[in-house]
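Working notes for the structure below.
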Amino acid sequence: MSARLLARAVEAISGAPRPGQEQMAHAIDDAIATHRHALIQAGTGTGKSLGYLAPVVAHLAQNPHARVTVATATLALQSQLAAKDIPTIMAAAAAEKLPAISWCVLKGGSNYPCLMKIRDAPVDPLERQYSLDDLDDDEPVDADSSLGKQVVALRSWAEDMSEHSRVADRDDAPSHSPRAWTQISISGTECVGPACAHIDECFVQAARQRAAVSQLVVTNHALVAIEADHGWAILDPDLLVLDEAHELAARVTTSKTDELSPRMVDRAVRMAASTLSDESSNALRGAAERFSEAMDEAEPGRVRDGAVLDAVSDLRAAMRTGMSAIGRNPSNPRLEQIANAVKQIFDICDRVGSAGDDEVVWVSVRPRVGPYLVVAPLRVAGAIRAGILDHQTTVLTSATLKLGDSFTPIAINLGLTGEQEEIYDACDVGSPFDYQAQGICYVAAHLPPPGRDGISDDALREIADLVQAGDGHALGLFSSMRAAERAADFVRHTTDKQVLLQGEGHLPDLIARFIADPELSLFGTISLWQGVDAPGETCNLVIVDRIPFPRPDEPLMQARQLDVAKKGGNGFMEVAAFHAGLMLAQGTGRLIRRTSDQGVVAILDSRLLRANYGPFLVASMPPLWMTTNRQTVLDALTRLNPPPQTA
């Protein structure tokens with residue numbers, strides 16, 4: 001049935017199914033039948049969304065009591081599934097006269113407005129409550145008044161959605177800034193659940209209730225990780241499809257990571273002060289100040305003992321006392337919210353204080369935020385296996401699952417292999433692209449290896465020459481924002497080409513401008529390595545300034561490498577090279593997005609050819625035609641973008 005359903009769905013939009021789609025559907029049929037997990041690499045252009053949705057819908061049609069969850073790593077793919085791919089496959093199912101299948105999208109709680117925050121005064125005394133006065137047309141539209149107008153528009157929209165018993169989703173909200181959205185939404189730790197006076201109208205609860213009874217739920221990796229931690233209280237599928245599966249371990253790590261900053265502590269103390277005696281409030285403030293002072297004096301890096309942990313211990317004790325004094329009162333939602341804020345600080349302090357060999361604690365620093373404490377799991381493969389893979393049959397798919405031309409590294413990373421027997425089948429359904437004919441991988445072997453002093457002048461000149469020859473059309477992927485900024489500045493001053501730079505505008509707007517105007521180039525860092533889809537002449541050149549190894553001073557990566565080495569493995573290859581291979585596969589995959597695309601990937605790091613780990617990294621990338629001949633590449637770029645003819 002899945003093959004017939006796939007054929008009808010693809011016929012409605014583009015013709016016959018691609019071989020990769022059919023192979024993918026068969027592999028998922030086999031996984032469902034044998035209850036074995038499946039790793040499926042489906043190259044860009046395969047049409048993998050329909051490739052997995054066809055067998056999923058066929059399975060649900062034949063088993064009406066079955067439940068399937070499809071999880072993505074990005075909101076963009078989630079939106080694509082909801083707006084395009086699922087309606088297409090459902091229309092095909094209806095044409096095949098299959099029974100109707102219920103489906104919905106479920107997002108994290110912060111993607112829905114909170115009616116308690118909208119209707120009641122903020123618990124934090126420093127948080128402003130915007131009113132209708134902020135819509136005064138005579139008021140100058142400065143930063144604050146503009147924010148106020150956005151917040152009031154969002155509140156009005158949320159109330160309208162509630163009045164009509166519809167779920168208010170951020171994607172459907174009036175235009176707004178991230179700061180405006182925080183004025184009407186809350187995090188999971190702030191939610192008081194059943195104690196809320198507006199629980200019967202709660203958008204989050206409505207979304208979860210709908211997901212609990214839907215046959216097919218589209219969600220994200222983070223929610224899958226949360227569900228696994230809480231015993232699959234809402235989703236509970238018998239089949240889980242993880243798209244963008246190369247991101248799963250990183251997303252699970254993020255979901256299991258806690259951060260504690262002096263600003264967070266100060267907010268909880270302010271909230272608690274309204275309910276505590278002066279003596280108790282002063283005790284909390286004192287502990288908060290000692291923590292802040294310890295963090296200000298701490299050096300960034302891993303923490304094993306010393307003043308920071310002593311301050312965390314004091315803060316934990318103070319928060320425990322505060323929790324006892326505040327108490328719990330389900331009939332008082334505002335008190336419950338304050339208690340939750342204090343408990344969050346206590347829980348993080350407790351985790352930091354009791355961290356063993358399986359967790360890593362370190363101090364980091366962010367601009368405008370300052371120092372903050374982080375605690376994260378040393379490894380997540382076991383958690384993925386126990387919480388996710390052992391619960392249901394799981395299909396893991398992505399365009400980049402084979403690293404070093406093998407599924408083994410990603411299988412180890414995702415808990416699919418280990419001391420026990422392997423519990424998965426793997427297949428590569430290929431790609432419709434002829435990479436050897438469509439693209440060149442140019443390694444600038446004449447450049448010296450990148451050093452610690454940042455991008456070299458020789459590399460900057462190389463970038464300018466490449467962009468000039470390609471008449472723009474370049475996506476620059478850099479290892480740091482400093483390198484991206486220097487490269488953008490150099491190209492702007494030495495050529496007549498325009499460069500958009502990450503950070504000089506809202507990133508989605510910059511990407512949209514880059515796609516709309518092929519002569520523009522776009523330079524940036526980590527956010528551009530994945531998810532940018534710019535087919536056609538928009539992107540004929542992808543520049544990679546250096547192999548994207550994790551920073552050598554990054555505490556979690558350091559700890560993971562050491563852990564592998566202690567167990568007799570190669571920490572560099574299993575952690576650093578794995579990370580670099582995955583990022584290179586994703587970054588260089590930005591070049592060829594459809595069968596008519598052509599272009600050059602330029603890697604300005606000679607270590608790709610000279611280091612002993614080079615073959616592993618090369619085998620992880622799309623199989624483009626490789627060369628070190630600079631002139632050949634400049635000529636190819638010029639042919640792709642010939643200068644206009646003069647009369």
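Please read all numbers here as calculations on a predicted model, not as lab measurements.
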Taking the side chain from [X] and the backbone from [Y], do they hold a donor-acceptor pair closer than 3.5 Å?
| X | Y | answer |
| --- | --- | --- |
| Glu244 | Glu247 | no |
| Thr525 | Phe478 | yes |
| Thr72 | Val70 | no |
| Glu336 | Asn329 | yes |
| Arg67 | Ser214 | yes |
| Asn340 | Cys191 | yes |

For the [atom1] atom of [X] and the [atom2] atom of [Y], what is their distance to the nearest 0.5 Å?
| X | Y | atom1 | atom2 | value |
| --- | --- | --- | --- | --- |
| Asp243 | Gln78 | CG | CD | 11.0 Å |
| Tyr112 | Leu106 | OH | CG | 5.0 Å |
| Glu201 | Met116 | CD | CE | 14.0 Å |
| Trp362 | Asp553 | CH2 | CG | 12.0 Å |

Identify the heavy atoms of [X] and [Y] that sit nearest to each other, and give their distance.
| X | Y | value |
| --- | --- | --- |
| Gly415 | Arg385 | O-CD, 3.1 Å |
| Gly109 | Val204 | O-CG2, 3.7 Å |
| Leu414 | Ala249 | CD2-N, 3.9 Å |
| Ala488 | Leu501 | CB-CD1, 4.1 Å |
| Val218 | Leu81 | CG1-CD1, 4.0 Å |

Handout entry: Stepwise side chain to side chain contact (heavy atoms under 4.5 Å, CB included) check, Arg290 with Asp310
Key = CA-CA 9 Å; Arg290 289 190 292 276; Asp310 290 342; over 6 Å; no
Exercise for the section: Would you tell me whether Ser354 and Arg316 have side-chain atoms, one donor and one acceptor, within less than 3.5 Å of each other? Expected result: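 Result is no, nothing qualifies.
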Problem - Plane angle bin for His391 and Trp232 - parallel if under 30°, tilted between 30 and 60°, otherwise perpendicular - result: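 Plane angle under 30°, so parallel.
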Exercise for the section: Using the salt bridge (charged side-chain N to carboxylate O under 4.0 Å, His left out) rule, take Asp120 and Arg334 through it: C-alpha gap first, then chi angles, then the decisive distance, then the call. Expected result: CA-CA 9 Å; Asp120 303 332; Arg334 292 175 61 77; over 6 Å; no
